[in-house]
Each structure stands twice: as structure tokens, then as C-alpha cells.
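Some notes on the structure that comes next.
Not measured: the values here are computed from a predicted model. Per chain, numbering begins at 1; letters A, B, ... match sequence-line order.
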Number of protein chains: 2
Amino acid sequence: MRIDQNLAFMLQFENVAWFEDGQVKILDRRIYPREISYVVCQSYEEVIKAIQDMVTQSGGPYSAAGMGMVLACFEAQDLSKEEMISWMETAAKKIANARPTTSTRMKKIVDDAVAIMKESVWSTNKELLEIMQQYAIDEATARYSSVKEVGSRLADLIPKDGVVMTQCFADAVIGFIIERLKETGNTGVSFITPETRPFLQGARLTASVIQDMGFEVHVITDNMPAYIMKEKKVDVVTSAADMITMDGYVVNKVGTMSLALLANYYGIPYYCTGTPNLKHETIETVKIEERDPSEVMELLGTKVTMEGVKAYYPAFDITPPSLVSGVVTNKGVYSAFDLKSYFN
Amino acid sequence: MRIDQNLAFMLQFENVAWFEDGQVKILDRRIYPREISYVVCQSYEEVIKAIQDMVTQSGGPYSAAGMGMVLACFEAQDLSKEEMISWMETAAKKIANARPTTSTRMKKIVDDAVAIMKESVWSTNKELLEIMQQYAIDEATARYSSVKEVGSRLADLIPKDGVVMTQCFADAVIGFIIERLKETGNTGVSFITPETRPFLQGARLTASVIQDMGFEVHVITDNMPAYIMKEKKVDVVTSAADMITMDGYVVNKVGTMSLALLANYYGIPYYCTGTPNLKHETIETVKIEERDPSEVMELLGTKVTMEGVKAYYPAFDITPPSLVSGVVTNKGVYSAFDLKSYFN
């Protein structure tokens, strides 16, 4: 049984990024679920462009990288073995750098693909392609396995029939939380997802995954968490993290900090999911980038503000360890003040 | 000089609600500033419908009520004086009840219009219409005068070249804050307005008023205040109030409570503007209504969520007095714990 088998539609490997018949198709998360549409890539260069255009996000680009290497291999089928290895090394380098902020993790995935190719024995191109695709599936499976540990541990922190408020889109974590809730019979749990402007990852992605997997979910706008936490008796607030520094700061989608502060005010635990980052000893080394603010002044491409009005667009904010009730990892739940224990 | 003369376009009487040539035109605040368009009413019944359809909001319906009475008078011009008074009394009753939550204040405006008509002496219908329109203008002027006091006092709490974060749309308060800042030469002040989903009063109305009056304004989405308060060094957070109870709770557009909590966390004052409400001794007597949640799942009329996903839509939230740094009224600035002093 494949690890993604019981997850929501958009979390299944075929709908994240998938090589078949000489092309890679990637679910367009920019418009899902309003439209179920795939960007179809005929070359690994087109996969890079899709990643850069943010057709997929969160864990999606890692899957696209793996499948992009399969496609690169398909493109190289008329080359000699030596030429092919050189071609694949070039592809690996380019795919790894599709987006600067994720290049370290991407590099590992594509470099491993090249290594597998070098080590493997094959007699036909078809065999090689199968080896490469199996590698891409194994890599995605390994990522999901770790996420499944995280999701299960988080699920076990949710009280019977509890109400969970999520932030943005925690990708497969959400799927594995629900899978675990089903396993343990805690199926009365319900979810509340702030919409997460400007791209609405909460309203579109998180809510769809929960709905798809048969649990109740309510969307709210991003100014409603205070009222809703109190009046709807939220039991657990949770988010993933773009980065957890070793001194316990959570860098995540903008809005996380105020959810954590509100949770603290109302006496609700806020759990962050993810892995502490050894490369950032302290929050002082993290720079929050502000993006092109035009998205903030638009709704679905329509500008709503008067000419001359400006905007700010910080994509992330920083939650201090004092507002984090626990960091839920694949190895267990840690205090934000004791993250070195994760590596012991 | 008329009190609204130097205010932004949308705050000027002619663009709020205005009787002219046998009709009342009301600026459509639902689409402003994307489109500058007026709903034109040929009867006072159409004015009621416009109020119910929320063509205008905040202080707008009070102006529409006054001008609606002028239109009712125009409609009655062929009646005898006795019939006319009866017709006007009926109009007053109907207009006052256009929206249940504002009926007390509306009733005063329309009843006073009837009283003025009864007391006045006129020889032609044209004269009577002029008397009624002058009453409507005087009533709006009296409202603006009180708001001007509030705006001036708030403006005087803003440090030199300070950064002000507003919530939702405080109507003419914003205009009079800026008028006062100009008077006192504090023209380096800038503003930050969360967009205020689902209807975007912050992005569309507040930002437009500020921009129109020549001050710098940045829009943010409703999940960005935490990051922005800290990183852009906000000096003052302010909102109006739909209701201030005598025990110091602020009932206002949803999102206000988390702004107040964040301001408290970062050591920034949060000032609420308005008048304490003697009818509500404590917050216990206030019921927060939740509205039809479909708006939450839509952006400009396009549904973005998956079939089956639900939503909540509380229009207001409650900020406790411990998070309010001051209640700025037309008479002065009061502690939220000492609102009885306002009536001394």
C-alpha cells in the first residue's frame, strides 16, 4: 500500500507532480479547487518554470524536482551513457536552483537521482526510466513518512471531538493528522481555517484537504480568529513552519504570530510542526523578505484600491518561543526552549 | 464654509447622500473606489431599499435618512398640508426601521424632520423643500461637528511624523484626524490600513479617504498586523466602535480585538473613538450576531472554497477594557474603566 493512498486528492503523488508518457503534470495549486487543472511539462526546463511560477508550493516543488529528473532522463534517451550523465548533472544543477530559498533540500533530491542513475544497471531506456521514477516515488514516500510521524503526534494532542484552528497550509501534515484521527476513532474533531490572504492557502488548500477526507471544516477571514477562538471554543491551534531556529523562534506564513498570541491569551496551546534548523542558531540570522505588494491590493487579479495607495507584503512573521506550547517533530514533542534535544 | 468642504471626496455631503431635482443619489460604497457610481432613488421607499442593500454604511445611512425625508416631501407635493403630514409621519416610521440595529438614532433624525415641517411656515412647495433640505444638511453638520471633536482629539495623540494603524473604516473620523494634522503641521504622519475582509472597508474606504486628503497610506492583509506593528514601528492603533458599553468593552468590526491585543503586546496605545452607550451597562447585554457566511467563501463574488466547506461570519468582536488605552470622545479622552465620567 502506497503511503499517500488514503490522503486527500491534492496530496496524492499523481496530483502533486507525476511523470507519465514523456511528460510531467503538476496540479495547479494557484487555482485549486476552483479549477482542477494541471500544468503539463514537456521538458525539465518547463518543470523549472512551473516551480518558479509557483504552480505548486509547500512540499510540491520537491515532488516536482524528483519527477523533473525522470523527465530529464526521458529527454536524454538518444544520448550515449556518458552524454546522458552529463545531461542529467546539468539538469540536477538547474532544478536545484529553481528557487533560491529551497536549493539545499532540492539539491539533495536531484543529486541523489544522478547518483542512483550512475549506480544502476539497465539494458533499455524503459528500464532506466522505471528506475528513475521508482526513485522519485521513494523520495516522496520518505518525505511523507517523516510527515506522517509529525501528523500522528499532533493528532494525539487533540482532545476527543476537539476543535482545531490551523494556519495557512501545512501540506501533508493535515492529511496525516486526519488519517491518525480516523485510526484512533477521534472522528468528531472539526477544523477552522483562516483563509490566508493574499493567496488563500487556508480557504483553498487546507479546507479542501480536510473536506476531501471527510472532516468538518469552517473557513474564516484572517481578522476573525480572536472571536472564533473564544466563541467556538478552539482546543488546539497549529501551524507548520518555514523555519524553526535553534533558539525556538518560528518563522512561518504571516499571521502565525497573532494566532499564537491570541491562543496564549485565551489559554489554548499553539503547536508548531516541523524540524529545528541547525543552520540558524538564533533568529538574528534570519532575514524576512518583503515581496511585491501588488498582490495585497488585488482580489483574484482585480485591483481594489485607489490609485496612489501603497501596500506592504511581508510573506512571513516571527513567533517567539514564549508563545509556542510545543514543537511537534517526527521524533516527538519538544519545548521551543530545548530544541537541541531533537538532535541528541 | 461647510464643515465637509476640505474632507475627502466620499465624505462630502453630495457624495454621501444628496437630494436634487426630485431624487436622492447615494454613492455606492460597495464598489468605491473601483467604480464611482451612485444609486439614484426616485422615492423614499427606494432610499430605504438602498440602506437595506448596504449601498452606504457607517454614517452614510443617517445622511440618507435625512435626504430621504426631503424626497418624501417632494413626493407629497400635490397633497394637502394635513395629508402631507400624515404621509411624512409614515415615511419617518418606515425609514427609521430600515435597519433594526440603528433604528433609535434613525428615528430621532426622521422625527425631527417631521417636527421641523410642522413648525415651519412656508408658502410654496419649493420653500418647504428648501427648509427640509436645510434641516438634512444641518443634521449632517451636527454629526460631523461631534466627529470633528473626536478626530481632533485623536490627532493630537499622534506623535510627530507618527505611524497610525487603523481598523475597518471610521468614516468622517479619519477625515477630521487628517484635517487636524494639517492644521497642526503634523503632515509627516502616515497610515497603515488592514484590508478588512470580507468587504474590504479598510482597503477601499479608509485608504481612499487618506489618499484623497494627501497623506501616505499602506494597505496590508488582515493577517499582517503583528509583523507590521513591530517592523514598521507603529505608534498608534485606533478604531471606531459600533458600541462602547458602560463597563468599557468595545464592540467593533471583527479584527479589532486582535489589533488591541497585539498593540498591548508591543507596547503601542490602542485608542477607540466613539461615545459610551448608556443603554448597555455591561457587555452581558450585548449579543453578537453572526451573518450569512457565504461572503467569507467568496472574493468579489467568486467562490473560492470546495463544495461542502462551511464558514463562520461574525461581523463584530469584543475588546475588553484592559486592552483599551483610551476612549476618545467629543468631550475628551476617558479611561475605559471610567466611562461614567463622560456623562458628568
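In this structure, CD1 on I288(A) lies 8.0 Å from CD on E231(B), to the nearest 0.5 angstrom. Rounded to the nearest 0.5 angstrom, K232(A) NZ and Y312(B) OH are separated by 5.0 Å. L200(A) contributes atom CG, which lies 5.5 Å from atom CG of L299(B) (distance to the nearest 0.5 angstrom). In this structure, CZ on R34(B) lies 13.0 Å from CE on M306(A), to the nearest 0.5 angstrom. To the nearest 0.5 Å, the span separating CE on M224(A) from CG on D222(B) amounts to 9.0 Å. For the atom pair OG1 (T221(B)) and OH (Y313(A)), the distance works out to 8.0 Å, reported to the nearest 0.5 Å.
Proximity of L300(A) to L300(B): side-chain heavy atoms (C-beta onward) are nowhere separated by under 4.5 Å. In this structure, the side chains of Y227(B) and E290(A) come closer than 4.5 Å at one or more pairs of heavy atoms.
Of the residues considered (I192(B), V217(B), I220(B)), V217(B) shows the highest number of contacts with chain A, using heavy-atom pairs under 4.5 Å. Contact count versus chain B (heavy atoms, under 4.5 Å) is highest, among M297(A), K253(A), E195(A), R204(A), for E195(A). Chain A forms the most heavy-atom pairs under 4.5 Å with one residue out of T193(B), V304(B), I31(B), and that residue is V304(B). Ranking I318(A), L261(A), D212(A), T305(A) against chain B, the residue ahead of the rest is L261(A), based on heavy-atom pairs under 4.5 Å. For the options A226(A), S258(A), S208(A), P198(A), heavy-atom pairs under 4.5 Å to chain B are most numerous at S208(A). Looking only at heavy-atom pairs under 4.5 Å with chain A, the residue among L205(B), V254(B), T302(B) that has the most is V254(B).
Taking every heavy atom of both residues into account, N223(B) and R197(A) meet most closely at ND2-O, 3.0 Å. Shown here for M257(B) and L262(A), the closest heavy-atom pair between the two residues is SD-CD2, 3.8 Å.
I36(B) does not touch chain A: none of its heavy atoms, backbone or side chain, sits under 4.5 Å away. For Y32(B), the part sitting under 4.5 Å from any heavy atom of chain A is the side chain, from C-beta outward, and nothing else. Both the backbone and the side chain of T196(A) come within contact range of chain B, with heavy atoms under 4.5 Å apart. In this structure, no portion of E295(A) lies under 4.5 Å from any heavy atom of chain B.
Within 6.0 Å of NZ in K230(A) there are 12 or fewer heavy atoms belonging to other residues, nucleotides or ligands. Heavy atoms from other residues, nucleotides or ligands lying under 6.0 Å from CD of E289(A) number more than 12.
For a heavy-atom cut-off of 4.5 Å, chain B lies close to no residue in residues 164-178 of chain A. Against chain B, the residues from residues 263-270 of chain A that qualify, each with a non-hydrogen atom under 4.5 angstrom away, are Y265(A), Y266(A) in number order.
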